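Values reported hereafter were calculated over all heavy atoms of this structure, with side chains retained and with hydrogens, waters and symmetry mates removed. Worth saying up front: this structure is predicted, and the values here are computed from it rather than measured.
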Amino acid sequence: MEITRSELMPGVWLSHLKSDKFKTACLSLNLLTQLTRETAALNALVPSVLRRGTTRYRDLEALSSRMDELYGVAIEPVVRRIGEIQCLGFFASIPEGEFLPGKQDVLRPACELLGQLLLDPATRGGLLPQPIVESEKEKLADALRSRINDKRSYSVLRCIEEMCAYEDFSAGSRGRAEDVEAIHYRKLTKQYRELLQCCPIEIFYCGRSSLDEVKACLTDALAPLPRGEINDDIGTELRMNALEAEPRQVEESQSVTQGKLVIGYRLGECMEGPDIPALYVFNAVFGSGTTSKLFMNVREKRQLCYYASSLLDIHKGLLLVASGIDLDKKDAALEEITAQLDAVRRGEISDEELAAAKAGVSSDLRALLDSQGELEGFYLSQALDGADYGPAELAELIGEVDKARVQAIAESVDCDLIYFLTGNGDEEADDADNEL
């Protein structure tokens with residue numbers, strides 16, 4: 001697979017990945033904008049409202065019928081956060097003409113439909129229809145409120161919110177439910193039009209069609225795109241160190257039978273010139289996977305938790321350790337998790353641990369080549385980072401990482417916040433995995 005990147009029109013970039021591996025092509029279109037607390041929910045609502053109808057296909061039924069005519073083309077709204085850049089748009093799955101009756105090519109009509117969803121939505125009096133806006137507002141607000149039901153992911157979310165309370169990263173990819181409820185359809189229409197004019201746009205294609213074919217289809221489909229001054233001044237603020245000298249402590253109580261301990265770290269000075277392969281290997285050695293120190297020692301050997309794993313956000317420079325524990329084991333679990341990080345800082349990494357970590361990371365990276373969705377996410381991140389290597393090339397670089405580079409990452413890590421979700425005495429069954 002070879003990636004080719006080119007500019008279709010001002011501020012609109014296409015990353016084209018030619019591949020004969022799949023029976024469907026994937027095509028994503030992302031408007032990129034700075035993530036802010038004030039506009040996160042507003043922006044997040046745009047794709048789902050646009051997906052409700054176009055001038056030609058005015059409702060979901062008409063859209064569904066048209067996609068059926070195109071042999072099952074699927075176009076869905078997508079909202080993501082990469083660092084402090086909010087990415088909103090559509091992801092399309094398009095059957096390859098080689099496998100259709102008469103080898104009919106549906107790439108061009110699929111691109112036309114994508115362009116209509118983005119640029120020619122169904123409107124009333126030039127405004128996004130109020131009933132549709134209200135309907136999508138309710139769905140989004142319900143989805144945001146329901147996050148509390150999954151205590152494992154909710155606790156990670158709360159740790160990030162508290163740790164990054166003074167940064168827009170805390171807004172999340174879709175904002176807050178209360179912000180969604182306050183959105184007016186006139187304001188949403190204005191925001192939608194501003195996004196079209198000012199946002200850089202990243203398009204990703206993976207399939208059998210040539211670069212020239214894809215460029216021609218997209219150029220025609222996006223010809224009506226109104227463009228003003230493109231806002232390229234978007235990015236992520238990196239805070240290198242913890243906010244205070246001692247880690248902040250946040251404890252909350254809910255009706256849970258299993259505590260959730262989440263520790264938030266800043267990756268620190270290593271982010272000034274990040275060693276990406278070493279960061280991946282460090283995460284695998286410390287807490288990602290079944291050969292990591294957290295799994296082997298905190299969970300298996302000491303049996304202090306039901307699960308314990310580390311999560312890495314390279315774009316924002318964060319490391320999170322999430323664990324599920326008995327309510328009375330917070331101090332013991334925290335002490336052991338800290339001890340395992342200290343061991344990596346001292347370079348106490350066996351050859352077997354390092355080899356297993358590198359093998360696991362390399363395998364995961366090469367597995368991306370089997371999934372168009374994973375490839376799309378990988379190359380979108382690469383485009384935002386200005387990186388020029390693919391999963392296979394990164395896997396090769398992983399193999400060159402030595403213990404000293406992993407140790408250097410660990411030495412840079414700085415604990416910022418400790419979040420603990422505990423029981424309040426009114427306990428109900430939660431989403432815990434209660435097997436050690």
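Closest non-hydrogen pair, Pro47 versus Leu88, comes out as CG-CB, 3.8 Å.
Below 30°, between 30° and 60°, or above 60°: for Tyr379 and Phe204 the angle between ring planes is below 30°, a parallel geometry.
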Please test Glu181 against Arg176 for salt bridge (charged side-chain N to carboxylate O under 4.0 Å, His left out), starting from the C-alpha separation and ending with a verdict.
CA-CA 9 Å; Glu181 293 163 354; Arg176 301 175 301 175; over 6 Å; no
Does the pair Glu96 and Lys103 meet the rule for a salt bridge (charged side-chain N to carboxylate O under 4.0 Å, His left out), with working shown?
CA-CA 8 Å; Glu96 293 283 10; Lys103 296 189 175 182; over 6 Å; no
Is there a salt bridge (charged side-chain N to carboxylate O under 4.0 Å, His left out) between Glu167 and Arg37? Walk through the geometry before answering.
CA-CA 9 Å; Glu167 301 158 80; Arg37 291 182 179 87; over 6 Å; no
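In this model, a donor atom of one side chain and an acceptor atom of the other lie less than 3.5 Å apart for Ser210 and Glu213. With no hydrogens or angles considered, no side-chain donor-acceptor pair links Tyr280 and Asp364 at under 3.5 Å. Checked by atom type, the side-chain pair Asn30/Arg80 shows a donor-acceptor distance below 3.5 Å. Between Gln104 and Tyr71, the side chains place a donor N or O and an acceptor N or O closer than 3.5 Å (distance only, hydrogens not considered). Side-chain contact annotation: Arg266 with Ser412, donor-acceptor N/O pair under 3.5 Å absent. Counting only N and O atoms by type, the side chains of Glu251 and Tyr419 include no donor and acceptor under 3.5 Å apart. Side-chain polar atoms of Lys260 and Gln258 form a donor-acceptor pair below 3.5 angstrom. Side-chain atoms of Arg52 and Ser135 form a donor-acceptor pair, as typed in the model, at a separation below 3.5 Å. Donor-acceptor pairing under 3.5 Å is recorded for the side chains of Ser310 and Asn283.
For the pair Lys293 and Phe286, the NZ or CZ position fails the cation-pi test of under 6.0 Å to the six-membered ring centre and within 45 degrees of the ring normal. Cation-pi geometry between Arg152 and Tyr307 is met: the NZ or CZ atom falls under 6.0 Å from the ring centre, inside 45° of the normal.
Remark: side-chain polar atoms of Asp105 are paired, donor with acceptor, to backbone N or O of Leu107 under 3.5 angstrom. A donor-acceptor distance shorter than 3.5 angstrom exists from the side chain of Ser381 to the backbone of Gly377, with no hydrogens or angles considered. Remark: the backbone N or O of Gly360 is not paired with any side-chain donor or acceptor of Ser363 at under 3.5 angstrom. Looking only at distances, a side-chain donor or acceptor of Arg208 sits under 3.5 Å from a matching main-chain atom of Phe22. Glu162 contributes no side-chain N or O that, together with a main-chain N or O of Leu417, makes up a donor-acceptor pair within less than 3.5 Å. The closest donor-acceptor contact from the side chain of Glu84 to the backbone of Glu237 lies under 3.5 Å.
In this structure, the side chains of Asp68 and Ser64 come closer than 4.5 Å at one or more pairs of heavy atoms. Ser6 is listed as a side-chain neighbour of Leu211, based on a closest heavy-atom distance under 4.5 Å. The closest side-chain heavy-atom distance from Gln340 to Met296 is not below 4.5 Å. Using a 4.5 Å heavy-atom threshold, the side chains of Ile183 and Asp179 count as separate. Between Thr33 and Thr39 the shortest side-chain heavy-atom distance does not fall below 4.5 Å. The shortest distance between side-chain heavy atoms of Arg227 and Val12 falls below 4.5 Å. Looking only at side-chain heavy atoms (C-beta outward), Leu318 and Phe169 come within less than 4.5 Å of each other. Counting only heavy atoms from C-beta outward, the side chains of Phe90 and Ser28 never approach each other to under 4.5 Å.
For the pair Asp370 and Lys21, the salt-bridge criterion is met [side-chain N within less than 4.0 Å of a carboxylate O]. Of the charged side-chain nitrogens involved, at least one lies within less than 4.0 Å of a carboxylate oxygen, so that Glu396 and Arg366 count as a salt-bridged pair. Taking the charged nitrogens against the carboxylate oxygens, Arg345 and Glu411 have no contact shorter than 4.0 Å, which rules out a salt bridge. Look at Arg145 and Asp142 and you find a salt bridge, because one of the NZ, NE, NH1 or NH2 atoms lies within 4.0 Å of a carboxylate O, short of that distance.
Annotation for Lys301: atom NZ does not count as buried by contact number, only 12 or fewer foreign heavy atoms lying within 6.0 Å. In this structure, Glu246 places its CD atom where only 12 or fewer heavy-atom neighbours from other residues, nucleotides or ligands lie under 6.0 Å away.
Tested against Leu267, the residues Leu312, Asp313, Leu238 include a single side-chain contact (heavy atoms from CB on, under 4.5 Å) partner, Leu312.
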